[in-house]
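This is the structure I want to talk about, given as structure tokens.
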Amino acid sequence: MSKHFPVEIISNSSINQQFHLLAVRPLSEIIPPEPGQFYMLQAGDNYDPLIKRPLSIFNYYEMRLEFLFRTRGRGTSYLSRTRTGETIHLIGPLGNGYSPPNGDFIVIAGGIGIASLMPLLRQFNKKAVLFYGARNSNELLMLDTACELARKSFISTDDGSKGQKGLITGLFVDFIESNPECKLLPVYCCGSLPMLKTLSLIIESHNMICYASVEEYMACGVGACLGCVVKIKNDEENGFSYKTVCKDGPVFELKDLIWQ
Amino acid sequence: MSKHFPVEIISNSSINQQFHLLAVRPLSEIIPPEPGQFYMLQAGDNYDPLIKRPLSIFNYYEMRLEFLFRTRGRGTSYLSRTRTGETIHLIGPLGNGYSPPNGDFIVIAGGIGIASLMPLLRQFNKKAVLFYGARNSNELLMLDTACELARKSFISTDDGSKGQKGLITGLFVDFIESNPECKLLPVYCCGSLPMLKTLSLIIESHNMICYASVEEYMACGVGACLGCVVKIKNDEENGFSYKTVCKDGPVFELKDLIWQ
Amino acid sequence: MAMNSAQIAQPSLSVQIASLNLKNPIITASGTFGYGEEYSGFIDIERLGAIVVKGLSITPKKGNPPPRIIETPAGMLNAIGLQNIGIAVFINDKLPFLRQFKTPVIANFFGDTVDEYIRAAEALSNANGVHALEMNVSCPNKEASWCVFGTNPETLSHVVSMVRKVTRLPLIVKLSPNVTDIGLMARVAEDSGADAISLVNTLTAMCVDINRRKPILANITGGLSGPAIRPVAVRMVWEACKAVKIPVIGMGGIMNFKDAIEFLIVGAKAIAVGTANFVNPLATIDIIEGIEKYMIEEGFTDINQLIGSLKI
Amino acid sequence: MAMNSAQIAQPSLSVQIASLNLKNPIITASGTFGYGEEYSGFIDIERLGAIVVKGLSITPKKGNPPPRIIETPAGMLNAIGLQNIGIAVFINDKLPFLRQFKTPVIANFFGDTVDEYIRAAEALSNANGVHALEMNVSCPNKEASWCVFGTNPETLSHVVSMVRKVTRLPLIVKLSPNVTDIGLMARVAEDSGADAISLVNTLTAMCVDINRRKPILANITGGLSGPAIRPVAVRMVWEACKAVKIPVIGMGGIMNFKDAIEFLIVGAKAIAVGTANFVNPLATIDIIEGIEKYMIEEGFTDINQLIGSLKI
Ligand SMILES: Cc1cc2nc3c(=O)[nH]c(=O)nc-3n(C[C@H](O)[C@H](O)[C@H](O)COP(=O)(O)OP(=O)(O)OC[C@H]3O[C@@H](n4cnc5c(N)ncnc54)[C@H](O)[C@@H]3O)c2cc1C
Ligand SMILES: Cc1cc2nc3c(=O)[nH]c(=O)nc-3n(C[C@H](O)[C@H](O)[C@H](O)COP(=O)(O)OP(=O)(O)OC[C@H]3O[C@@H](n4cnc5c(N)ncnc54)[C@H](O)[C@@H]3O)c2cc1C
Ligand SMILES: Cc1cc2nc3c(=O)[nH]c(=O)nc-3n(C[C@H](O)[C@H](O)[C@H](O)COP(=O)(O)O)c2cc1C
Ligand SMILES: Cc1cc2nc3c(=O)[nH]c(=O)nc-3n(C[C@H](O)[C@H](O)[C@H](O)COP(=O)(O)O)c2cc1C
Ligand code: FES
Ligand code: FES
């Protein structure tokens with residue numbers, strides 16, 4: 001169940017040049033979101049941009065929704081310029097979030113991917129081993145909060161500006177090789193395509209279970225337009241069918257994803 | 001000569017719900033505007049609205065341009081929401097303004113039409129007999145300033161909420177009938193179509209000279225698209241030709257205008 | 001006062017499309033409203049004039065690889081590739097849900113061959129809960145040669161007459177805007193037995209990724225929809241209305257009641273809302289309410305007074 | 001370092017359109033740049049690849065009554081009605097100004113009859129300072145029957161061959177997008193003697209004033225231009241480029257260098273900037289500079305490497 005509803009901007013703060021934290025107050029009754037779900041947010045005042053933009057729920061209290069996002073193009077730039085007191089419209093909560101872990105679990109976040117995983121860390125406080133990597137320290141967002149919510153944290157950056165220098169998947173491999181018992185824990189991940197691809201090899205070779213949140217261009221967000229599909233392995237003709245990221249996802253089992 | 005140049009918003013204040021005063025600072029060298037000239041102002045951040053909007057120069061000091069406008073649709077609504085420090089683009093100054101009076105003159109303003117006439121009042125301080133009418137007192141903008149700049153002022157509103165109740169053209173007729181010597185003074189006017197039409201009958205019957213600033217939909221503002229034409233009497237085939245409001249106007253002799 | 005407002009009778013919005021009586025002229029555009037379920041949590045399906053479902057074929061279609069959509073200035077491009085569950089699954093899994101509502105269901109369908117069109121029309125005509133058929137002869141994003149059905153008078157005439165023979169349901173032919181003379185195509189559809197026509201489908205278009213120097217859509221071209229195309233759609237609907245006597249359903253870029261009224265004024269008996277659903281899932285309802293209000297303000301008591309009221 | 005930047009040679013932007021050598025592929029679209037004078041205070045005309053002037057006819061035209069233009073979502077509709085000063089006045093009053101510049105002048109022209117086309121082409125061919133002709137066979141906002149010139153293969157072929165006989169200047173035929181098969185029309189133009197084709201002209205469209213229930217434009221319909229139509233234009237230019245061997249000049253909704261590059265990638269040898277001039281009088285110059293920068297970043301040394309580089 002999801003709704004189309006107006007929200008009032010409570011605050012809109014830039015974390016650094018590229019990243020923003022947007023807090024909004026729903027002006028009508030809403031349905032509480034689950035970790036991994038997302039909303040479609042109004043991205044302009046007129047018809048250009050036309051289409052709402054998908055953002056993961058980053059934080060939710062009663063009558064307050066928070067989104068953490070990177071300014072990429074015109075839609076997110078519009079959102080970054082909204083002002084306290086203004087009203088925009090949202091659709092949500094949308095999609096199938098992360099299936100809740102049953103005990104300890106592993107979280108692997110790449111950069112802004114933390115936005116989607118944070119509600120999971122919050123809901124299951126101190127249950128997660130967190131792997132958080134980014135290009136540089138500027139893109140390690142809400143690092144302290146994330147680490148505090150985790151049982152244990154591993155940090156890396158491509159340029160070494162914070163944590164280990166290198167890819168976060170490297171730290172993850174080291175970890176499961178020295179802690180083989182952890183291969184039984186479910187993995188939750190959200191990050192760039194290269195990260196997901198590398199991870200899928202690791203997950204496969206260690207026979208682990210991994211839930212990945214993926215992205216595709218979206219128009220409706222509710223499964224109506226069939227615009228946001230990814231290839232998912234199954235028994236149908238040619239061994240796959242197209243599944244919508246907005247309704248069947250955004251979280252899929254990593255092993256079922258077929259990369260283009 | 002006109003330019004396309006960026007300006008920084010200095011201030012943007014609402015006079016009342018419908019009317020705004022926008023002050024901008026040019027970020028590159030500009031050409032000083034003449035009374036009656038106008039600018040095309042950026043009306044959106046993306047392609048909807050696409051076309052710049054024409055606004056008369058309301059006030060000009062060195063490195064400061066002011067516009068007085070009514071919020072009508074999407075373009076002016078965008079302008080009313082611009083914030084101090086933001087940058088937008090302008091084209092101007094454009095068009096042929098009012099031919100400067102040679103001594104005393106008469107000004108007839110309808111509502112927001114005062115925006116176009118104010119620079120004339122300012123430039124020729126205490127030379128004008130001002131007739132200023134509007135629907136109600138809320139639409140009599142910058143009334144005190146205008147009256148101070150005039151030698152004498154007559155005010156009316158349709159609902160009597162300020163000044164005489166009735167049409168400003170009524171006050172004007174009374175005035176020239178009791179001051180027939182004033183028929184020799186040039187009249188400068190800007191206002192609604194009904195006002196201009198009534199005025200043109202008065203002007204004709206008293207054989208006066210009247211310069212009227214008129215409006216048409218515009219796209220380029222520089223005479224290139226031929227989109228903004230009005231019918232102007234002349235000796236050509238059928239007794240008229242189409243003249244551009246943006247380049248040949250916006251000020252025409254009232255007697256030359258052919259109403260649709 | 002109470003008297004006064006009672007005197008303002010609710011205007012009648014009902015329109016007739018062939019044998020179909022719609023309580024109002026607002027319908028959903030095929031492919032933008034799924035099979036109804038997707039939006040049933042947002043709006044009351046009962047309030048719609050009719051519901052048109054995603055295009056169906058006799059066998060299920062996987063559709064095109066992604067990317068399938070891309071935003072454009074005031075519009076979007078799509079090349080879904082007619083992905084659908086097939087008519088059999090539609091009848092089994094989706095129709096029971098739609099039968100709950102009193103709102104008429106219009107089944108949009110297509111085929112790769114004339115034979116597939118005929119089989120699809122037959123299968124849908126026998127289904128309990130399908131009230132009319134909309135024939136998509138105009139999908140621009142398939143490469144197959146049947147694409148010409150909708151852009152060539154002879155093939156259009158042939159496929160429409162063949163389908164006409166196998167169904168007694170109201171038959172709506174959905175025309176492509178990618179033609180020189182839309183009036184001609186409308187007349188061909190009428191002469192071949194259509195009970196109504198609908199237009200416009202999407203305009204064939206293309207976007208290029210300038211960094212990869214490849215088309216953005218996997219299908220190369222796609223169909224342009226949304227407010228960007230509205231002025232083209234209004235013109236074509238106007239021309240079609242002048243060309244035929246059967247009812248015309250207008251669509252293309254309708255975002256709000258004002259847009260909808262433009263189509264009604266030029267002669268459309270009903271209008272369909274497409275891309276707007278994505279932007280505002282309540283668009284159809286907002287449009288119904290907006291038209292009602294407009295009619296009261298302008299003094300119309302029956303929407304048929306408004307339809308075709310264009311003064312030239 | 002100085003060495004290094006010296007090594008990045010300025011890429012070559014020059015292209016050949018028939019016998020016309022353009023220093024870069026950026027030209028102005030007819031009707032959006034007046035006779036050059038209007039924008040000469042804003043930009044250096046010398047920097048343009050070529051300049052195309054407002055459509056000319058043998059006798060002056062008053063044009064349509066207002067309203068002539070209306071904004072639409074991400075676009076605009078115009079029905080200027082081909083108002084122009086006539087070829088004689090153009091030659092006397094406007095050409096001397098344009099002759100100052102080294103930039104080639106392309107004269108856009110039209111006629112109400114084949115004879116008028118011929119006379120216009122003759123008159124312009126003899127004028128000192130006209131370097132090429134662009135034949136508008138596609139203006140959608142006139143009701144006269146000649147409108148079919150551009151949308152019917154036979155009439156198109158006839159008028160182009162007749163004009164071909166009377167001019168030795170490069171002859172560019174400007175095609176209408178309001179056709180079913182743009183590739184066919186491009187081939188017809190090529191076969192009839194065109195040296196190049198340009199497209200797209202505006203899409204025929206219409207807006208309605210819902211309060212007065214009248215068309216907004218006095219002419220009823222008008223031509224849609226601007227970013228709204230860009231994806232349709234790119235698709236048509238791509239199809240035209242595949243259909244003919246002569247150079248294609250692409251246009252329709254180009255606002256910035258990225259848009260321009262889309263047209264070059266699908267095969268346009270040059271591009272024209274129309275509506276964008278209204279929004280940003282410096283658009284042409286910004287586009288030239290943007291393309292140059294893109295070429296340097298992507299490692300192109302000659303724009304001909306970029307033209308037609310689409311990977312399917
Ligand atoms: C389920 C989901 C959850 C997401 N959560 C977050 C989040 O929490 N924080 C965050 O910063 N980003 C998130 N994203 C990505 C975010 O949606 C895009 O960055 C945003 O849509 C870009 O819009 P734009 O107008 O700024 O950029 P544009 O200029 O439109 O495009 C820039 C790039 O953004 C992507 N994009 C644009 N529109 C869409 C669309 N409708 N659907 C998907 N991708 C698109 C494309 O790859 C495009 O190349 C999420 C995406 C999805 C699908
Ligand atoms: C030379 C000139 C000087 C002007 N000076 C002033 C001024 O100083 N203060 C002021 O408040 N208004 C002025 N106007 C009117 C002002 O331009 C319009 O109110 C404004 O363009 C409306 O834009 P919008 O997007 O808010 O409304 P829209 O929603 O676009 O349209 C509302 C109405 O505004 C008019 N309009 C829209 N676009 C244009 C356009 N491009 N050209 C002309 N008219 C248009 C139309 O009549 C339309 O119906 C002037 C107009 C002209 C032609
Ligand atoms: C994502 C998408 C999918 C569509 N699928 C179909 C379809 O299956 N069958 C069909 O006849 N039209 C289809 N259409 C066309 C629409 O029904 C409609 O004709 C078109 O989008 C124009 O209306 P709009 O601008 O309001 O969207 C589709 C349009 C979109 C945007
Ligand atoms: C106001 C206006 C006037 C035009 N006049 C002409 C003309 O006289 N002759 C012509 O061939 N095209 C004319 N065009 C069409 C343009 O040259 C161009 O083909 C079209 O606008 C698409 O490009 P754009 O989207 O960049 O504007 C005109 C376009 C506009 C907007
Ligand atoms: S965005 Fe429409 S189906 Fe997913
Ligand atoms: S607005 Fe273009 S000629 Fe006046």
Side-chain angles (χ1 to χ4, degrees), chain A residues 1-6 28 31 40-54 73-75 88-94 214-232 234 236-248 257-260, chain C residues 28-29 31-43 53-55 59-85 216-218 222 225-228 230 253 255-256 259 274-283 285-286:
Chain A
M1 274 296 287
S2 41
K3 291 200 169 187
H4 182 247
F5 58 97
S28 60
I31 295 151
M40 297 291 284
L41 284 82
Q42 178 181 333
D45 288 320
N46 294 303
Y47 298 142
D48 186 42
L50 176 68
I51 301 291
K52 287 187 158 66
R53 299 298 196 258
R74 302 172 319 150
I88 61 169
H89 280 80
L90 266 58
I91 309 175
L94 298 166
V214 299
E215 291 189 10
E216 236 328 313
Y217 253 95
M218 289 186 178
C220 70
V222 303
C225 75
L226 306 180
C228 64
V229 297
V230 287
K231 270 190 183 176
I232 296 291
N234 69 5
E236 277 185 33
E237 194 195 332
N238 302 328
F240 76 93
S241 67
Y242 288 119
K243 294 284 180 190
T244 58
V245 170
C246 69
K247 202 180 169 198
D248 302 315
L257 284 161
I258 304 177
W259 312 107
Q260 295 296 318
Chain C
T28 58
T32 66
F33 208 71
Y35 301 106
E37 284 170 0
E38 290 81 353
Y39 284 104
S40 59
F42 293 96
I43 64 164
V53 298
K54 172 72 188 161
T59 43
K61 294 256 169 197
K62 274 200 152 54
N64 289 328
R68 289 180 170 186
I69 52 176
I70 170 84
E71 194 182 46
T72 67
M76 63 176 279
L77 212 58
N78 89 79
I80 306 302
L82 294 169
Q83 174 178 346
N84 80 94
I85 54 180
I216 288 188
L217 299 184
S225 66
R230 193 198 68 225
M255 298 301 286
N256 55 42
D259 299 341
T275 303
N277 293 303
F278 306 158
V279 180
N280 171 14
L282 313 184
I285 305 300
D286 290 351

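Computed over heavy atoms, backbone and side chain alike; hydrogens, waters and symmetry mates excluded. Throughout, a chain's letter reflects where its sequence line sits, starting with A, and its residues are numbered from 1. Only a predicted model underlies this, so the values are computations on that prediction, with no experimental measurement involved.
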- Can C:R68 be said to sit on top of A:Y242's aromatic six-ring, NZ or CZ under 6.0 Å from centre and within 45° of the ring axis?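 Verdict for A:Y242: a cation-pi partner in C:R68.
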- Message: Just verifying a value: how many Å separate C:I70 CD1 and C:N78 CG, rounded to the nearest 0.5 Å?
- Response: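 Separation between the atoms: 12.0 Å.
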- Query: Quick one: OG1 on A:T244 to CD on C:E38, what's the gap to the nearest 0.5 Å?
  - Reply: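 The OG1 atom of A:T244 sits 9.0 Å away from the CD atom of C:E38.
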- Task: Counting only heavy atoms closer than 4.5 Å, note whether C:Y39 contacts chain A via side chain, backbone, both or neither.
- Result: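 Looking at C:Y39, just its side chain touches chain A.
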- Message: Quick check for you: among A:K231, A:K3, A:Q42, A:E236, which has the greatest number of heavy-atom pairs under 4.5 Å with chain C?
- Response: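 When all of A:K231, A:K3, A:Q42, A:E236 are compared, A:K3 has the most.
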- Could you tell me whether A:K247 and C:E37 make a salt bridge, using a distance below 4.0 angstrom between a side-chain N and a carboxylate O?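 Not counted as a salt bridge, because no side-chain N and carboxylate O are separated by less than 4.0 Å.
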- Message: Counting only non-hydrogen atoms closer than 4.5 Å, does C:K54 touch chain A with its backbone (N, CA, C, O), its side chain (CB onward), both, or neither?
- Response: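 When you check distances to chain A, only side chain atoms of C:K54 fall under 4.5 Å.
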- Item | Charged N-O contact under 4.0 Å between A:K243 and A:E216 |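 Result for this pair is no, no salt bridge flagged.
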- Taking all atoms of both residues into account, what is the closest heavy-atom pair of A:P93 and A:I31, and its distance?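 It is CD-O, 3.4 Å.
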- A:H4 versus chain C, the contacting section by heavy-atom distance below 4.5 Å: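 Contact with chain C involves both backbone and side-chain atoms of A:H4.
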- Please look at C:N280 and chain A and tell me whether the side chain, the backbone, both or neither of the residue comes under 4.5 angstrom of a heavy atom of that chain.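 For C:N280, the contact with chain A is made by backbone and side chain together.
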- Message: With a 4.5 angstrom heavy-atom cut-off, is it the side chain or the backbone of A:M40 that approaches chain C, or both, or neither?
- Response: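 Contact with chain C involves no heavy atom of A:M40 at all.
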- Message: Using heavy-atom distances under 4.5 Å, tell me whether A:L226 contacts chain C through its side chain, its backbone, both, or neither.
- Response: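 Answer is both: backbone and side chain atoms of A:L226 are under 4.5 Å from chain C.
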- Message: Just so I understand: if I count every heavy-atom pair under 4.5 Å between each of C:P65, C:G226, C:G63, C:P73 and chain A, which residue has the most?
- Response: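 Of C:P65, C:G226, C:G63, C:P73, C:P65 has the most heavy-atom pairs under 4.5 Å with chain A.
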- Query: What are the two closest non-hydrogen atoms of C:L217 and C:G222, and how far apart are they?
  - Reply: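 Reported closest heavy-atom pair: CD1-CA, 3.8 Å.
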- Query: Does any heavy atom of chain A fall under 4.5 Å from the side chain of C:S40, the backbone, both, or neither of them?
  - Reply: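 Answer is neither: C:S40 stays 4.5 Å or more from chain A.
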- Can you tell which of A:A43, A:C220, A:G75 has the highest number of heavy-atom pairs within less than 4.5 Å of chain C?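 That would be A:C220.
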- Message: I'd like to verify something: which residue of A:G223, A:A219, A:G221 has the highest number of heavy-atom pairs under 4.5 Å with chain C?
- Response: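 Sorted descending by pairs with chain C, the first entry is A:A219.
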- Query: Between C:T72 and A:D48, which heavy-atom pair has the shortest distance, and what is it?
  - Reply: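 Nearest heavy atoms, C:T72 then A:D48: O-OD1, 4.3 Å.
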- Task: For chain A, find which of C:M76, C:M255, C:E71, C:Q83 contributes the most heavy-atom pairs closer than 4.5 angstrom.
- Result: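 Highest number of heavy-atom pairs under 4.5 Å: C:E71.
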